[in-house]
Amino acid sequence: MAGRGGALAGLALALAAAAALRLPALGGWSLWADEVATAGLASLSWAELTGTLPWLETTPPVYYLLIKGWTALAGDSDAALRVPSALAGIASVAALGLLCRDAFGRRAAFWAALVLAVTGWHLFHSREARVYAILTLVFLLALLAGRGFAARAVRPGGSWVWSALGLAIISVLAAWLHFAGMIAAATAYLYVLLLMLGRRSLDPRAMGRFLVAGMAAALLVLPVLWLAWVLTSTDEYDGMAWLGGLGYRFAAVSLSRVVLLAPPVLDPWPVLGPACAAVAALLVAVLAWRSLRAGSRTAERMAWAGALLGGMALFLLAQAVGPIVLPRTLQLLVPLVAGLMGLGIAGMRPGVLRVGLFLAFVVSQAPGLHDIFRTPPDGSDWRDLAARLAAAPRDGSVVIALDAFDALAFDRYRAPGGPVADLVLLPAEGPELQRFATARLTSATPVAPEALLATLCGGAMAGSGLLVVERLSPLLDEARRILDTALRPAGAQPGAASGSRSLRLRPWTPPACPARPSAARP
């Protein structure tokens with residue numbers, strides 16, 4: 001009883017740490033671009049979410065349906081939109097603790113849960129209104145269900161059927177939350193297979209049951225797979241096509257940063273950031289080796305490590321088929337790394353060494369733990385921009401955004417009675433999601449680059465100039481170049497920009513409109 005009470009106290013401590021880092025000040029900064037997309041898309045009608053959006057957006061509709069239901073109860077404030085992710089992040093710490101308790105024992109479970117509670121990558125996505133914290137929780141639930149199935153598949157009777165069905169349903173939920181959820185599902189089944197092989201329990205009867213469970217999940221996932229194929233193969237402007245330009249080098253860097261638990265915020269910390277990343281990588285390497293060293297390679301440990309390596313391989317395989325590897329999609333691997341670290345810390349002697357290693361890991365996450373409460377994830381502070389605009393003289397300038405969700409954010413945070421986004425600069429062909437979002441969610445009008453001058457000179461330019469919303473994202477570099485090409489030949493000139501680190505307002509002088517021919521007098 002004392003051991004169980006200590007285990008519960010340890011898990012409660014880890015959960016308290018997770019909550020203390022995830023719940024405070026959830027509305028402390030404005031939504032960033034992807035979170036604005038969450039708020040906007042979740043405001044669509046149920047029919048649009050299930051009928052139109054799946055063919056335009058690269059995240060399946062289940063997450064937006066969940067957020068729509070949540071906001072109907074809690075409202076759509078910045079903090080409210082982030083609460084589901086925060087709660088999922090806290091629950092993930094509990095799920096990892098339970099999983100590691102069954103696999104490695106109570107001490108390892110405590111340290112693994114505590115490591116995940118303070119890991120920058122997991123904390124980062126537990127405090128944003130996106131799907132990744134929820135997807136990570138579902139993945140951990142799939143691993144828990146997989147352990148139950150692995151135990152029941154070798155027993156006589158039909159109890160394995162319900163375990164197989166539960167594993168299949170959770171796996172399908174992961175796939176419907178995000179296309180990377182298919183990798184989560186495959187990794188969970190790989191974990192089950194490796195666990196059964198390591199226990200030498202994969203006799204013909206158990207193998208048949210495992211195949212039945214896998215086929216059930218595969219059949220239920222087929223609609224998601226088909227939807228992903230349609231999105232990525234029939235429209236070059238949608239799917240994950242924009243990732244193609246990042247290449248394999250970006251994929252390799254992203255994979256190494258996430259697996260080695262480098263702090264997610266490095267740019268504002270030119271010296272300390274890389275130093276912390278090096279410390280984290282060293283700790284991950286040493287503790288993973290410690291947990292898997294010769295003489296301790298039990299079935300449980302090798303199945304866990306095999307699931308981690310298999311998940312990495314599946315991401316790289318998916319990258320070869322269609323670009324998908326980003327730090328946020330790789331979040332599924334973070335709890336597996338945290339589990340190995342917890343196992344490695346638990347095996348250290350004496351206790352003070354365990355505490356010291358954990359504190360060293362906390363220090364390695366310092367940039368993320370510091371900045372997560374101080375700056376927006378991408379450095380774009382829409383509230384600051386709105387305050388600057390409210391303090392500026394009202395000159396009736398035409399407001400141009402380079403992205404539909406930038407226009408939506410501009411409208412969301414503007415001062416009462418302040419200007420709204422007038423135009424969104426979009427190519428004549430694609431992307432359809434941008435065109436749909438502009439029409440349904442903003443007050444702006446989409447305009448092609450070749451029609452921009454005619455639109456401005458045809459009546460849109462009622463004020464003394466132009467005001468361009470600039471979010472400094474590599475994805476918008478081409479849009480800025482197109483805007484420059486469209487305006488400079490007509491005599492328009494950019495002025496000095498004002499704003500925060502990655503979000504600015506830049507005034508332009510109005511272009512010289514061609515004189516309209518006057519009607520001939522009789």
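We're numbering straight along the sequence, starting at 1.
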Side chain to side chain donor-acceptor pair (under 3.5 Å) partners of residues 132-144, not counting sequence neighbours, each pair once | Tyr132-Arg328
With sequence neighbours left out, what residues match [X] under side chain to side chain donor-acceptor pair (under 3.5 Å)?
X      : answer
Tyr413 : Asp78
Tyr191 : Arg147
Thr38  : Arg130
Ser171 : none

So salt bridge (Lys or Arg N to Asp or Glu O under 4.0 Å) across residues 11-20, not counting sequence neighbours, yields none
Could you tell me which residues satisfy salt bridge (Lys or Arg N to Asp or Glu O under 4.0 Å) with Asp406, sequence neighbours excluded, listed by chain and number?
-> Arg471
Which heavy atom of Ala307 sits nearest a heavy atom of Leu190, and at what distance?
-> CA-CD2, 4.4 Å
Could you pull out every donor-acceptor pair under 3.5 Å between side chains of residues 335-350 and any protein atom, sequence neighbours left out?
from: Arg349; atom 1: NH1; to: Ala346; atom 2: O; distance (Å): 3.4

Give every residue pair that meets the ring-ring contact (aromatic ring centres under 6.0 Å, His included) criterion with at least one member in residues 58-85, sequence neighbours excluded.
-> none
Residue pairs, two or more places apart or on separate chains, that pass ring-ring contact (aromatic ring centres under 6.0 Å, His included) and touch residues 337-358 | Trp111-Phe358
Pairing residues for Tyr189 by the ring pair (Phe, Tyr, Trp, His ring centres under 6.0 Å) criterion, not counting sequence neighbours | none
Who passes ring pair (Phe, Tyr, Trp, His ring centres under 6.0 Å) against Phe361, sequence neighbours left out?
-> none
